[in-house]
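Below: the structure, in C-alpha cells.
Lettering follows sequence order; numbering is per chain, from 1. Only heavy atoms go into these numbers, but all of them, side chains included; no hydrogens, no water, no symmetry mates.
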2 protein chains.
Amino acid sequence: MQQLLNYFHTFQILNQDSQTQLLAISHLLHLKKNAILQPIGHTCKTIYFVQKGIARIFYYKDGIDITECFAFENQIIARVESLFTQRPSQKGIQIIENAELVAINATALFALYDQYPGIERLFRKIFEQGYVDTVNRLESLQFHSAEERYVHLLKEMPDVLQRVPLKYIASYLGITQVSLSRIRASIK
Amino acid sequence: MQQLLNYFHTFQILNQDSQTQLLAISHLLHLKKNAILQPIGHTCKTIYFVQKGIARIFYYKDGIDITECFAFENQIIARVESLFTQRPSQKGIQIIENAELVAINATALFALYDQYPGIERLFRKIFEQGYVDTVNRLESLQFHSAEERYVHLLKEMPDVLQRVPLKYIASYLGITQVSLSRIRASIK
DNA sequence: GTGATTATTTATCAATTGTTAAAGGATGCC
DNA sequence: GGCATCCTTTAACAATTGATAAATAATCAC
C-alpha cells in the first residue's frame, strides 16, 4: 500500500499512528476488466484508490449507458453525491482495464476523523481537489463545443484513447458515439 | 450576523469560542445591483455568505459574458478553483440584486483550522455540499437538452425568473440568449 | 483459426442550437 | 415626459448534433 501512502503525502503529512489507522480500514482488491465494483442503487460506503488500471462511474439515462468520470492510476474514485449524503446512488462503478485498487471503508474513515484531525484534513484536501476538478469540468461542458471538449480531453489524458473504448469517451464528453466518430474523422 | 450562525448550525454545532473567532474574521457588506464584488484576475481570499439579494460568478469566453453560478439568500459563494489553489481566478463576482453579504476572510479562516477543529469540520461539510451540488449540475449539463435544463431550473429555483435577467440565465444553462427565448416561446 | 459478438465508422435525414439582424419592450437618466 | 440604453423576442439561415440503419473493423470465446 506504499503507493496509497505516497499519494496521501502529496496532500498531507501523516504521523505513524494515522497511517496505521488508515491501513487498518483499507484492503487491496484485484478486479478484471468489465467487473462491476459497485452496482447501481447501493449507498456509497467505500472510497477507492486506483493503483493500477482504470475505473469509471456510470449511470443510465433513458436506458443509455453514460460515463460520468474516469479514474486512472493514482486517483481516488467515489460517488460523492452518495458518500456525503448517505443516500442510495443512481450510479455504479465499473472496471475498464484490469485493476488493482485499495478499498477504504468510508464509515470507518469518518469515525477516525474525530480522533485523528490529520486524517480529516487529508480527506478534506483530497475532496477539495475533486471539487475543483469538477468545477473545471463543468466549465468545459457549459461553453465549449463537442470538438473543443474532445481536443481538450486528448491534452488532459493523452493515453485515454489507447486505454478507454470510444463509447465510454463519447458519453463522458456529453455526445453520442456517432457524433464522436464524426468529430474524429473531421479532425484528421 | 445571526443569520450566518444559523446557517453554520445547520452543518455543525459550534462552541462559543469558535463562533466568536468566526465573527472576528467576518464583516457585513452592503452592495448595490451590478456592483463588482470581486474583479476578474484576483486570487480568491474571501468567502461570501449571502444574507439578502443575489450574486453570481461570471467570466468571459471569447469576449462573451458567461454566468457560472448564482447565489441566493442563505448560500455561500466563492470561486473555489482559486480559493483552494490560491492561483488567480479567471472569474469575478457580481451583484445581481441589491445585497447584504458577510465577507469571511479566507486566509484567517484557514489559519483557524489548526486551533478549532470544529471550524475546519464546518467548512469541510459546507464545501462537501458544494461539491455534491456541482456534481449534480454536471450531470444535468452532460446529458439533458437545453429545454430540459430550463424546465429543471424553474423547479429548482422558482423565483429565478422574477429576480435574474434572462441573459444571465441563458449562459448559466449553457445556451445563447436567443435560444433561451425560443425555448420559452415553445413551452407556453 | 472460425464464428459470434462487440466496437467503430459512414451515410442519410431530422431536430436542436448557434449566428446575425431587426423589431418591440422595458428601464433608467435628465 | 422623452430620449437613450439595455433587455427580450422574432425571423431567417447556417452549423452542429442526434437518430437510425447499415457497413466495416476489432475482439472474444470456443
Side-chain angles (χ1 to χ4, degrees), chain A residues 31-36 53-54 56 58 60-67 70 94-98 139-154 159-188, chain B residues 31-36 53-54 56 58 60-67 70 94-98 139-154 159-188:
Chain A
L31 282 157
K32 295 228 180 257
K33 183 174 167 176
N34 292 327
I36 300 294
I54 311 175
R56 71 175 184 123
F58 70 100
Y60 292 100
K61 144 124 174 126
D62 303 334
I64 294 167
D65 178 310
I66 291 171
T67 296
F70 302 112
Q94 185 180 22
I95 302 303
I96 293 184
E97 191 181 81
N98 291 350
E139 185 187 318
S140 157
L141 275 172
Q142 193 177 4
F143 254 91
H144 290 80
S145 68
E147 182 175 321
E148 286 173 320
R149 283 170 353 236
Y150 175 70
V151 171
H152 183 253
L153 177 69
L154 296 193
D159 54 348
V160 74
L161 283 189
Q162 278 70 52
R163 301 176 67 187
V164 177
L166 290 170
K167 60 174 180 170
Y168 296 150
I169 295 175
S171 66
Y172 174 80
L173 292 173
I175 54 178
T176 62
Q177 199 181 338
V178 175
S179 198
L180 176 57
S181 244
R182 186 163 33 198
I183 287 166
R184 285 161 51 79
S186 80
I187 281 179
K188 273 176 212 158
Chain B
L31 281 157
K32 296 227 179 258
K33 183 175 166 175
N34 292 327
I36 299 295
I54 311 174
R56 71 175 184 123
F58 70 100
Y60 293 99
K61 144 121 174 129
D62 303 336
I64 295 168
D65 178 310
I66 291 170
T67 296
F70 300 112
Q94 185 180 22
I95 303 302
I96 292 184
E97 191 181 81
N98 291 350
E139 187 187 318
S140 157
L141 275 172
Q142 194 178 3
F143 253 92
H144 290 81
S145 69
E147 183 176 320
E148 286 172 320
R149 291 183 327 250
Y150 175 70
V151 172
H152 183 253
L153 177 69
L154 297 192
D159 54 347
V160 73
L161 283 190
Q162 279 69 52
R163 300 176 68 187
V164 177
L166 289 170
K167 60 174 180 170
Y168 295 150
I169 295 175
S171 67
Y172 175 80
L173 293 172
I175 55 178
T176 62
Q177 201 181 334
V178 175
S179 198
L180 176 58
S181 245
R182 187 161 35 197
I183 287 168
R184 284 161 52 80
S186 80
I187 281 180
K188 277 175 209 154

Kindly give the atom pairs (protein nitrogen or oxygen, nucleotide nitrogen or oxygen) under 3.5 Å for nucleotides 17-27 of chain D.
{"unit_1": "D:dT17", "atom_1": "OP1", "unit_2": "A:Ala146", "atom_2": "N", "d": "2.9"}
{"unit_1": "D:dG18", "atom_1": "OP2", "unit_2": "A:Thr176", "atom_2": "N", "d": "3.3"}
{"unit_1": "D:dG18", "atom_1": "OP2", "unit_2": "A:Thr176", "atom_2": "OG1", "d": "3.4"}
{"unit_1": "D:dG18", "atom_1": "OP2", "unit_2": "A:Ser179", "atom_2": "OG", "d": "3.2"}
{"unit_1": "D:dG18", "atom_1": "N7", "unit_2": "A:Arg182", "atom_2": "NH2", "d": "2.9"}
{"unit_1": "D:dG18", "atom_1": "O6", "unit_2": "A:Arg182", "atom_2": "NH1", "d": "3.0"}

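- Across the helix from C:dG1-D:dC30 to C:dC30-D:dG1, the helix axis at one end is tilted relative to the axis at the other end by 60° (nearest 10 degrees, each axis from five pairs).
- A:Ile183 is not listed as a side-chain neighbour of A:Leu173, based on a closest heavy-atom distance of 4.5 Å or more.
- Rounded to an integer number of Å, the gap from CD1 of A:Ile96 to C1' of C:dT6 is 16 Å.
- Counting heavy atoms from C-beta outward, B:Glu147 and B:Ile187 have side chains that approach closer than 4.5 Å.
- Between A:Tyr172 and A:Val160, the closest side-chain pair of non-hydrogen atoms is not below 4.5 Å.
- No side-chain heavy atom of B:Leu154 sits under 4.5 Å from any side-chain heavy atom of B:Val151.
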Filtered N/O pairs between nucleotides 4-7 of chain D and protein, under 3.5 Å:
{"unit_1": "D:dC7", "atom_1": "OP1", "unit_2": "B:Lys167", "atom_2": "NZ", "d": "2.3"}
{"unit_1": "D:dC7", "atom_1": "OP2", "unit_2": "B:Lys167", "atom_2": "NZ", "d": "3.1"}

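- For the pair B:Asp62 CG and C:dT19 C1', the computed distance is 14 Å after rounding to whole Å.
- Shown here for A:Val164 and A:Ile169, the closest heavy-atom pair between the two residues is O-CD1, 3.6 Å.
- The main-chain N or O of B:His144 is found under 3.5 Å from a side-chain atom of B:Arg149 such that the two form a donor-acceptor pair.
- To the nearest angstrom, C1' of D:dA29 lies 14 Å from CG of A:Asn34.
- At least one side-chain nitrogen or oxygen of B:Arg184 sits closer than 4.0 Å to the OP1 or OP2 atom of D:dT9.
- In this structure, A:Ser171 contributes its side chain and A:Thr67 its backbone to a donor-acceptor pair below 3.5 Å.
- The two residues A:Lys61 and B:Phe143 have their closest heavy-atom pair at CE-O, 2.8 Å.
- A:Leu31 contributes atom CG, which lies 10.0 Å from atom CD1 of A:Ile36 (distance to the nearest 0.5 angstrom).
- Of the possible polar contacts, one joining the B:Gln94 side chain to the B:Asn34 backbone as a donor-acceptor pair under 3.5 Å is found.
- To the nearest angstrom, P of C:dT17 lies 11 Å from CD1 of B:Ile187.
- Side-chain contact between B:Phe70 and B:Arg163: absent, with no pair of heavy atoms (C-beta onward) separated by less than 4.5 Å.
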